[in-house]
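Please read the structure below before turning to the comments.
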Amino acid sequence: MAKRKLNRRQQWRIKKIQEEKTQRAHRRDSQVDQQLANNALGDEQTGLIIAHYGQQIDVQACDANGQPETQTPVHRCYVRANLDALVTGDRVVWRAAEDECGIIEARLPRNSLLQRPDNFGQLKPVAANIDRIVIVVAVEPEPHANLIDRYLVAAETLDIQPTLLLNKADLIGSHNRATLDALIAPYRALGYEVLLTTAQSSRDDNSDLLSWLAHHTSVFVGQSGVGKSSLISSILGDASIKVGELSQNTRKGTHTTTTARLFHLPSGGQLVDSPGIREFGLWHISEEELLQGFVEFRPHLGHCKFRDCRHIDEPGCAIKTALQEGKISPRRMASFERIRATLNEKETF
Ligand code: GDP
Ligand code: ZN
């Protein structure tokens, strides 16, 4: 997507908002210093960000292995002024407070970061340390390979392992089985895991999915209507209520909408969810990243005769040779060309 140029008024507004934010943060910092002077803050410990409410952040303590202590209460915290944007999924160093908000002192290094553009076209972080992307498609609405490829490229670009989840398996019958097999089989051949589910099944029936999610932090993405909300509430059970519980002292905090929220799965592992994440897309990706996002292209990249080959009709093109030799499927090649043609347009999926 082309970066939108900000006009002077917008630039002035952004500057003003940032100044106000800095002032507020400094006021908070002096409040924290006061708490420290009064010995009202606990020792430094590591924690996991569960949710984000404007200026305040919910944190849960982690054990010595860095795993969240899922049974402990969530603490509402302020953030030290010198820290850059924190998001759900971030690991932090924080201190609890006896009867007021705690304080986040530092952010630990991130393994991954999901971002999306704000209203000004600037990328903003949404969630950190995600290591699984579940691409949900359904028997209905009819899944399209090009959309699946787009999500796969997004996951590959972030270096986060994707899996395909075909939901509404209860609607598979003799009339659509062959078409679905033809759509799904090539992804299995490329090495992607494909799981079948129905959102109505009990948690036991979804044990494949749950064991795939255990020990990881996952997001569910996919077009509207495929059953993401149904699926998420089915696998979370009552876990969603538990994580929402705040420690008694910080309950009074404001409850504005959160950008993304983290849930503990009954099988172990975490799920981060928000409408923004469910519609996660291919933001600001380059042609080079797009090529890398097609896993079967990778062995052939850098082997074209011309260094600036665009893999259209150039002589000695390694990608086209791989296509002729059947190492790249015509369908995936067409998908690549279609996505490339839309790279500079605003995201539409
Ligand atoms: P979302 O937009 O991806 O969050 O999808 P929803 O969870 O809102 O589901 C869309 C519709 O599909 C709803 O009417 C659900 O009841 C229905 N649905 C969800 N999962 C299943 C399933 O496994 N089987 C069937 N038959 N319908 C489902
Ligand atoms: Zn080429």
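Whatever order the structure lists them in is the order used to number ligands and atoms, beginning at 1.
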**Report entry** Protein N/O/S neighbour count - the Zn ion (ligand 2), strictly under 2.8 Å
**Finding:**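 Counting protein N, O and S atoms closer than 2.8 Å to the Zn ion (ligand 2) gives 4.
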Query raised in the report: Please, which pairs that meet salt bridge (Lys or Arg N to Asp or Glu O under 4.0 Å) have at least one residue in residues 311-321, sequence neighbours excluded?
Result: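 For residues 311-321, and leaving out neighbouring residues, the salt bridge (Lys or Arg N to Asp or Glu O under 4.0 Å) pairs sorted by first residue read Lys320-Glu337.
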Query raised in the report: Tell me the salt bridge (Lys or Arg N to Asp or Glu O under 4.0 Å) pairs involving residues 190-200, sequence neighbours left out?
Result: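 Sorted pair list comes back empty.
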Query raised in the report: Does atom NE2 of His303 have more than 12 heavy-atom neighbours from other groups under 6.0 Å away?
Result: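 More than 12 within 6.0 Å, yes.
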Query - Residue of the set Leu236, Ile50, Ile235 for which side chain to side chain contact (heavy atoms under 4.5 Å, CB included) holds with Phe263 - result: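 By the side chain to side chain contact (heavy atoms under 4.5 Å, CB included) criterion, Phe263 pairs with just one of Leu236, Ile50, Ile235: Leu236.
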Query raised in the report: Between CD1 of Ile104 and CG of Leu86, what distance do you get to the nearest 0.5 Å?
Result: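 Answer for the CD1-CG pair, Ile104 versus Leu86, is 5.5 Å.
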Report task. State the CZ-CD1 distance between Arg107 and Ile49, to the nearest 0.5 angstrom. Result ->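 Nearest 0.5 Å value for the CZ-CD1 distance: 9.0 Å.
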Report task. Show the numbers, then the answer: is there a salt bridge (charged side-chain N to carboxylate O under 4.0 Å, His left out) between Asp273 and Lys228? Result -> CA-CA 10 Å; Asp273 191 38; Lys228 294 179 298 299; over 6 Å; no
Requested in this report: Would you kindly say whether Ser335 and Asn146 are connected by a side-chain donor-acceptor distance under 3.5 Å?
Outcome: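 The criterion, which ignores hydrogens and geometry beyond distance, is satisfied for Asn146 and Ser335.
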Requested in this report: Check whether the side chains of His216 and Gln161 place a donor and an acceptor atom closer than 3.5 Å, and report yes or no.
Outcome: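 Side-chain D/A pair, His216 to Gln161: absent.
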Query raised in the report: Can you pull the residues with any heavy atom under 4.0 Å from ligand 1?
Result: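 Lining ligand 1 at under 4.0 Å, by heavy atoms, one finds Asn167, Lys168, Asp170, Leu171, Thr198, Ala199, Gln200, Gln223, Ser224, Gly225, Val226, Gly227, Lys228, Ser229, Ser230.
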